[in-house]
Amino acid sequence: MNEYILTGAVILGVLGAGFGLLMVYGVSEVVYFGIAVTAVAIFGALAYSWWQTKVDKTVETLKVDVLMKIRRDYAETKEFITQAGELTDVAPILRDLELLKEELKKLNLFEVEDQNTEAFKAYTLTRIEKENRKTDQKLRSLEALAAGEYKPRLDEYINNLRGALSKLQAGGYRIQGQIGEFGEVAGLISKSLREMLDKKKKLFEKSVAIIDLCITEAEEICTACTKLGDVASIDDCIPEARANRLEPDKAVRLLVESRRKLTGMLKGTFEEQRTQLVSSLEEVLKLVQGEQVGAEWRAAIEGLLAKALSADDPGQMKELQGLEAQYKSKTFSLISELHGRINKLEEETGKYYDEKVWTPDLEIEGLVKSVSPRDELKSFTAKATEALAHLTQQLEKDAVFLKVIQSYAKVEPLIVKKLEDKGELKAAEFDVKYPDKFLALYSLKHQETTFTDGTLAMKKAPSKEASSLKERLLKKRKVQ
Amino acid sequence: MEEQPTRWSIIASGEGANRIAFLYYAKFKNPAIGDRVLLLNTTMADMKPEKTFEYTLSKDPNLVETFEKIKREKICIFGKSPSGAGNNWKVGENEAWKDFDSIRRYITNLKIGGRDVIFGICTLGGGTGNGSLPFIIHEMKYGRSIIAGGENSYLAMSIMPYEFEAPQRFFNAICGITRLLKYGEEGKQNADMLLLVDNNEIEKRLEKRDEKTEAKEERYYRINQEIIKAIRMMIAPGGRKSKATIDVSDYYQLPSNIGTYHFTPCLSMGNDPEIIGMETAMETAVSRPMAPIDPKTATMAYVIVVAPSKYVEDGTFSQEGLEQTTQDWAIKSLAGKRGGLLRYASLVSSEDTETLDVMVLLGGFSLGKIIGMSLQKYYDFKESLRVEEGEVELLDASDPMIRVKIGIHDLEVIEKRMKAYIALTEERIRHAQKGELDIKKKMTEWGFGTK
Ligand SMILES: Nc1nc2c(ncn2[C@@H]2O[C@H](COP(=O)(O)OP(=O)(O)O)[C@@H](O)[C@H]2O)c(=O)[nH]1
């Protein structure tokens, strides 16, 4: 109805405008205008009828779309429910689904070909949509029904997995963190069937990942064992567990079993090696208590010791071996560092090489060279601790002597003065730490003095009587 | 309640003193000083006050900021003479007297408290500081207008010229020492304690350099760095993060009772506390006095020790230990057999230092060496003066514009006072060196054992 009014209004408007233009511009111009209007009208009409058929076509497509949607929804729901079948009996629900399908088929609203039937063509879009909604509702209620059945089964399943994993943990595998992650996913709330299925999938994958991890761990322990004896019987267990990695229960049983056997085999050796490492670390720790060795070194050794003490499961053989390697390399670099420092210090102290003043430790060079991290633990520790004992002692000595050298210039004039005043100076009367070092150093620098029995004194020129006595004695001897 | 450590103020007059005080102030910010520092100087023709500090600032650009601050509030230019005091102490004194109003204004601004110690600094060879400081101390102590609190102690540190300097400098020095010791009509005691340091003696202890090629400014700069260490040790008990059992500054008025109150600092800094014992540190200090003296004639000693807190806490050093060591050391080292007439020791525990620093202030020693090295030049200069109507005109060799007269009588008074002071010093030394009392005889005298 509106169309007519609109058209009428447009015609009247155009005529009115044409008339107006005719009055203003005269005939010739208005002809052009008329032609233009006519052309516009023709094109407009064409466009309009094209648009009309398109709309009709769209309705047909929409109808087919809805049909497809019904098919899809059905298939999807069937798929999920079938999946739920892994844990629970879904046969009755699947039967109901079948009935629903039959109904839809009767209505020509299920198969792809149905779109070509007369019945389908006769349906209006509205009618088809109504059927779609009905179907949708039915599918949802069937899914909900399945979810209800599925829930308790899923809980059971999760508990089962959890149980298996704790068995692994109890068996000694270090999967604390992974179990935590598993627990997090398991704790998530899932309401719909789809969410539940998704959760199950994730948890399963997580479990498999954990099992893989344990397989690797078991293999590592096994490698550690190969050196110790026959691991053939256990070797079988691990590939079997690997083959059954997708079946948690079975895999777990195999893994627990193999770890038990392996650690049993390792126990003695592990304990022995651990005791040896602990006592090595304790020995080294005793030697690094001096002020000259930095606190970081102490902290590092203490850290290793704490780790060695807390590694108490034979399955941690690999860690233990790692700790041993770290112990060796740390101790080795400590030795190199101290050695380097001594060499540096002795560039200075070496200038005062004298029995009474300062002496180097000549053994150090050889001792340091003998230490090799490639040696096995026992002999490494024996050599390293001996070297360390010498190094720390000499370092202490050098550091003290360096301080003496640094303060020497300050007190030298004082020594001169005291020596002038009294002719001698006793170490006990000289208020500095290490007075004998200072006095010995002084006498080293001043050849006219001697330092003996803690007393610094001027060298005496031999008295006349003494030298003549000596001469006489010598003569006598010749005579005899 | 814990007692507040003594507050100090520094008043430095003249160019050399200005440099020393500025260097100290800028380098060691000390809460005991706060910003109580005043630099006095006379006007100098075509010379900005910056000139004095040019070299110091060029050595350490970090000090520029402090200088900018100090320039605005802490530098007082006094006097009307367009060419300053030259090398003439009488001019310095006259200018300070004429323009005392300006000086007083600046001193009032220091807000000196009732028991503060006032630490004056001047060089002895010049005119401005040497001329004005004795007068200013006297005014503050006895003047009619009260500037300071009343119970203040006055310490003066003065610097002897180099051996090679002109005769006039030594004439100035002898007059300056005397006027710092005694001043005014009645010749009352002026400073409570006079610290003498000597450019030669300090330089001798420094690392050897070629004196001929080294710039004068550099030589002063190095000496000043030593001098400020002594100042720092004097004021150490008030330092940041420091704790002293005894605040020695409370005892700085004591020498006045003895009548001799000249001292010289002896330093032994930077000792390794794990190596050097207290006694050794004291002995090294005394083997390096900052003026030419014979420690064996000293009758007084103040020992100030600054040790890292770590070693005070662990008992390596203690006030009691220090007092014992001081006594043992004094008996061996000071005049006489009883360890001189007066000694004090104070241990300061400081978190700011890693080393054991010791200062021994030796006092009452014979002035023979110091006066001895000055006397020839003193007379050389004095004898060159022309006497007219009981006055002599002091000409300044470096600046003919500067001329001033001084009564011959005034010079005689100065000499008389110095001689009297020296006589007392020698008397005190003899007294200390005298053997022990005959106690038996004295006891009888006191009425014991008489039948
Ligand atoms: N230690 C030291 N002595 C100085 C310094 N400047 C000048 N003198 C000495 O002080 C005397 C000159 O005094 P000065 O302070 O320049 O003169 P004033 O300004 O008139 O007091 C001479 O004997 C110089 O050797 C300085 O910076 N340090």
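In what follows, chains are A, B, ... by sequence order, proteins preceding strands, each numbered from 1. Note that this is a predicted model, so its numbers are computed, not measured. These numbers come from the heavy atoms of this one structure, side chains and all, not from hydrogens, waters or symmetry mates.
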Taking everything shown except [X] itself, do over 12 heavy atoms lie less than 6.0 Å from its [atom1]?
{"X": "A:K344", "atom1": "NZ", "answer": "no"}
{"X": "B:K27", "atom1": "NZ", "answer": "yes"}
{"X": "A:Q289", "atom1": "CD", "answer": "yes"}
{"X": "B:E354", "atom1": "CD", "answer": "no"}
{"X": "B:Q225", "atom1": "CD", "answer": "yes"}
{"X": "A:E302", "atom1": "CD", "answer": "yes"}
{"X": "A:E448", "atom1": "CD", "answer": "yes"}

| request: Output the residues of residues 407-422 of chain A for which the shortest heavy-atom distance to chain B is under 4.5 Å, in residue-number order; output 'none' if no such residue exists. | output: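 Contacts with chain B: A:S407, A:K410, A:V411, A:L414, A:K418.
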
| Who in residues 363-378 of chain A is close to chain B, using a strict under-4.5 Å heavy-atom cut-off? | none

| Charged N-O contact under 4.0 Å between B:E274 and A:K433 | no

| If you round to the nearest 0.5 Å, how far is OG1 of B:T325 from CG of A:D431? | 7.0 Å

| field | Separation of B:T280 OG1 from A:F430 CZ (nearest 0.5 Å) | value | 4.5 Å

| remark: The interface call for B:M269 against chain A, heavy-atom contacts under 4.5 Å, is backbone

